[in-house]
Amino acid sequence: MDKKKLALSAVAVLATLSLAACSSKSSSSSNSGTSGASVKMSASYKNTKATDKSATKNSTLKLAEPNDSPFQGISDPVLSTNAEDADVFSPGGDTPGNINGLFRTDANFKIVDGGLANQKIDRKAKTVTITLRKNAKWSNGDKVTAKDIEYPYEVIANKNTTSQQYSADYNAIKGMAEYHTGSAKTISGITFPDGQTGRTAVIHLSKVTPAMKYSGNSFIWQSVEPYNYIKNVPIAKLASSKQVRKDPLFTGPYKLDKVVEGESTTWSPNKYYYGKAPQIKHISINVVSSNNIDKAIQSNKYDFTVPNSVMRGTDYKQIKNAKNYKMVGQAALSYGYFGFNVGHYDTKTQKNVMDKNSKMSNKSLRQAMMYALNLDAVNKKFGNGITWRGNTLIPPIFKKYWDSSAKGYPLNIKKANQLLDKAGYKKRNGSKWRSDPKGKPLTINFGTMTGTSAQAAEYQDYLQQWRKVGLNAKLATGKTMEMNSFYSTIQKPKQNTVDIYAAAWSLSSEPTPTQIYGEDATYNMGHFVTKKNTQLMSDMNNEKAWNDTYRTKIFKQWQNYMNEQAAVVPDNFSYNWSPVNKRVKGFDMGAANQNFWTNLSLTSSSLK
């Protein structure tokens with residue numbers, strides 16, 4: 001889908017398995033699993049039944065958000081850090097993942113005319129001009145203005161912000177770095193030809209990049225902020241304000257009627273929306289635990305799960321034959337991954353720093369831990385064709401840039417042991433566990449989120465595999481962690497609680513990874529930083545990168561470099577899929593459908 005800026009971090013781990021899979025065979029190697037999903041799905045449900053206009057007008061479209069924690073309730077995409085918030089506030093945008101979005105896109109996520117605003121890139125002048133449509137309004141009837149285009153940059157780059165979206169790519173905007181450090185009170189590189197209340201904002205840059213042609217790029221922010229509505233709220237307090245949590249404004253086809261904190265949102269049509277009027281008059285979105293979602297679908301309680309929400313292979317196995325549902329999906333803009341804690345975030349310089357003496361700083365240790373896992377077997381048996389082992393940090397939905405030939409980390413116990421032995425991680429004095437190269441005891445703390453009983457078994461399998469090669473691996477804190485607690489822990493500037501963690505990224509629709517792996521990216525929670533990594537990410541958008549052959553080559557070099565460094569390692573790829581009740585008509589999660597919410601209608605007044 002047309003994901004807005006960057007990654008929303010708190011997506012549950014995508015792969016699951018049951019207790020029976022906990023003991024992987026001691027076989028030493030496996031090299032399958034990079035070919036993709038065995039299940040084939042369509043991104044749309046072509047329901048040919050006639051629309052029941054009365055049902056469509058008077059019924060409530062009932063949606064589920066599978067999640068094992070309450071959602072945080074931050075409606076603003078500039079401030080939100082997890083995908084669950086984006087899901088429950090999704091009807092506030094044209095399409096899921098595009099809350100208050102400026103632009104429309106084609107099937108390849110390229111920005112096209114016809115959205116809330118149009119974009120014009122001038123390579124010679126090094127400017128991006130954004131012009132709002134004449135009838136652009138907020139859900140309270142206020143006009144969307146040029147200042148609303150500019151204000152997100154102030155929120156992102158403010159020294160006191162809680163936003164985690166800033167990265168070095170924004171320094172291409174003139175005056176942005178000065179504003180970010182506090183040496184300037186305004187961003188000089190964003191101007192208003194017809195005033196702040198006009199329709200046009202011009203962004204002046206030190207360079208224009210090929211990424212700017214696509215939605216979700218890390219240089220141009222792509223949603224608006226209701227400046228007049230929030231201007232009196234200090235930026236540091238914006239995320240906790242009623243304007244963001246209780247009574248937010250939207251530019252999409254629906255307006256928010258009510259939030260039940262952490263539990264649900266309800267919606268009705270936004271009469272000020274510029275586009276096609278919604279056909280369905282009421283929408284409700286409720287959080288449903290992963291242990292209950294299958295039964296809820298089997299009992300016909302929900303029309304579908306919110307697109308981009310996490311549905312797993314075990315869910316697919318349970319509900320694939322539900323007679324009143326159609327399974328709809330496409331390759332996901334997401335991936336599961338393992339992250340190693342190799343440094344800290346310097347709050348003074350606002351940069352990540354590698355700590356050469358950190359417990360996980362040894363590349364051979366990291367590589368060995370990944371070779372010890374049998375991710376192919378896990379995903380083959382329990383992904384049920386919906387998930388498969390990931391081989392790089394670029395998922396296959398980016399067909400042009402994904403390196404299908406990369407091997408990633410298939411199971412290889414022999415190689416894991418060799419790497420550990422050579423690096424000096426040896427068993428000493430009769431111990432069953434390896435000590436570090438200096439002979440000191442080594443305990444590795446694995447952090448992960450609480451989920452289903454199947455996921456708990458998966459985590460135990462990881463621990464068993466690491467112990468099999470002599471590593472004393474344990475759950476950090478002695479147990480799995482509630483999602484919000486998990487992220488608050490690993491997002492601390494410096495922490496010693498978690499050495500390695502399993503999580504997932506929900507990505508933007510342009511693959512430049514600066515905002516999650518850049519030197520000054522607050523999302524870089526493992527704090528991996530090298531000159532080569534910085535250079536490769538910069539080269540993805542240098543002047544040569546306008547040649548797509550060159551750009552593709554750089555992306556593949558980066559994927560192989562990150563695999564070799566093993567500071568962040570792919571776990572799995574998956575489908576973004578949803579069970580869709582057969583009373584729903586017009587469901588299409590493909591990127592080309594820029595009227596997701598307004599194309600929906602119903603064929604019956606009750607769930608089948």
Side-chain angles (χ1 to χ4, degrees), residues 1-6 75-78 86 89-122 127-153 190 192-194 198-203 208 210-227 248-255 269-279 307-308 333 508-510 586 588-600:
M1 302 308 293
D2 180 15
K3 275 277 187 195
K4 181 109 10 26
K5 214 59 195 145
L6 172 77
S75 65
D76 186 343
V78 175
F89 293 111
S90 189
D94 298 290
T95 60
N98 195 30
I99 297 171
N100 298 336
L102 282 164
F103 306 123
R104 295 216 159 189
T105 65
D106 64 14
N108 296 311
F109 309 113
K110 189 175 183 180
I111 294 171
V112 296
D113 289 349
L116 189 73
N118 293 339
Q119 171 182 276
K120 181 181 178 182
I121 299 172
D122 189 326
T127 59
V128 172
T129 300
I130 299 172
T131 304
L132 293 159
R133 63 191 305 130
K134 292 180 180 179
N135 57 341
K137 291 184 178 181
W138 291 99
S139 51
N140 66 348
D142 287 351
K143 185 174 73 168
V144 182
T145 68
K147 181 65 177 179
D148 297 342
I149 298 172
E150 183 272 345
Y151 198 58
Y153 296 92
I190 304 179
F192 311 99
D194 50 359
R199 295 171 44 226
T200 304
V202 180
I203 302 173
V208 290
M212 294 175 187
K213 298 184 294 182
Y214 300 92
S215 70
N217 73 75
S218 53
F219 296 88
I220 304 298
W221 187 258
Q222 286 151 71
S223 70
V224 283
E225 291 276 89
Y227 174 70
L249 300 181
F250 297 95
T251 60
Y254 285 89
K255 66 179 181 69
N270 171 17
K271 67 180 180 180
Y272 300 107
Y273 177 56
Y274 69 85
K276 177 182 175 182
Q279 300 176 71
N308 300 326
L333 268 170
S508 96
S509 44
E510 201 287 316
D588 183 352
M589 62 168 59
N593 178 21
Q594 293 290 289
N595 296 295
F596 177 86
W597 296 109
T598 58
N599 281 342
L600 296 173

Validation row, ring centre F109 to ring centre Y214 under 6.0 Å:
no

Reported [atom1]-to-[atom2] distance for the pair [X] and [Y], which is rounded to 0.5 angstrom:
X: Q594; Y: T95; atom1: CD; atom2: OG1; value: 5.5 Å
X: T127; Y: D122; atom1: OG1; atom2: CG; value: 4.5 Å
X: I220; Y: M212; atom1: CD1; atom2: CE; value: 4.5 Å
X: S139; Y: L249; atom1: OG; atom2: CG; value: 4.5 Å
X: L132; Y: T145; atom1: CG; atom2: OG1; value: 7.5 Å
X: F250; Y: S75; atom1: CZ; atom2: OG; value: 4.5 Å

Does one side chain, of [X] or [Y], offer a donor that lies under 3.5 Å from an acceptor on the other?
X: S509; Y: S215; answer: yes
X: Y274; Y: D94; answer: yes
X: W138; Y: D148; answer: yes
X: Y272; Y: D142; answer: no
X: N599; Y: N593; answer: yes

Report yes or no: does [X] contribute a side-chain atom to a donor-acceptor pair with the main-chain N or O of [Y] at less than 3.5 Å?
X: Q119; Y: F103; result: no
X: N217; Y: K213; result: no
X: Q222; Y: G216; result: yes
X: N98; Y: G93; result: no

Under a 4.5 Å cut-off applied to non-hydrogen side-chain atoms, are P269 and Y254 in contact?
yes

Is the shortest heavy-atom distance from the side chain of V144 to the side chain of T251 under 4.5 Å?
yes

Taking all non-hydrogen atoms of both residues into account, name the closest pair between S223 and P77 and its distance.
OG-CG, 3.7 Å

Where do Q279 and T598 come nearest, in terms of heavy atoms and distance?
NE2-O, 3.0 Å

Are any of the side-chain nitrogens in R104 or D113 under 4.0 Å away from the carboxylate oxygens of its partner?
no

Surrounding NZ of K120 (heavy atoms of other residues, nucleotides or ligands, distance under 6.0 Å), is the total greater than 12?
no

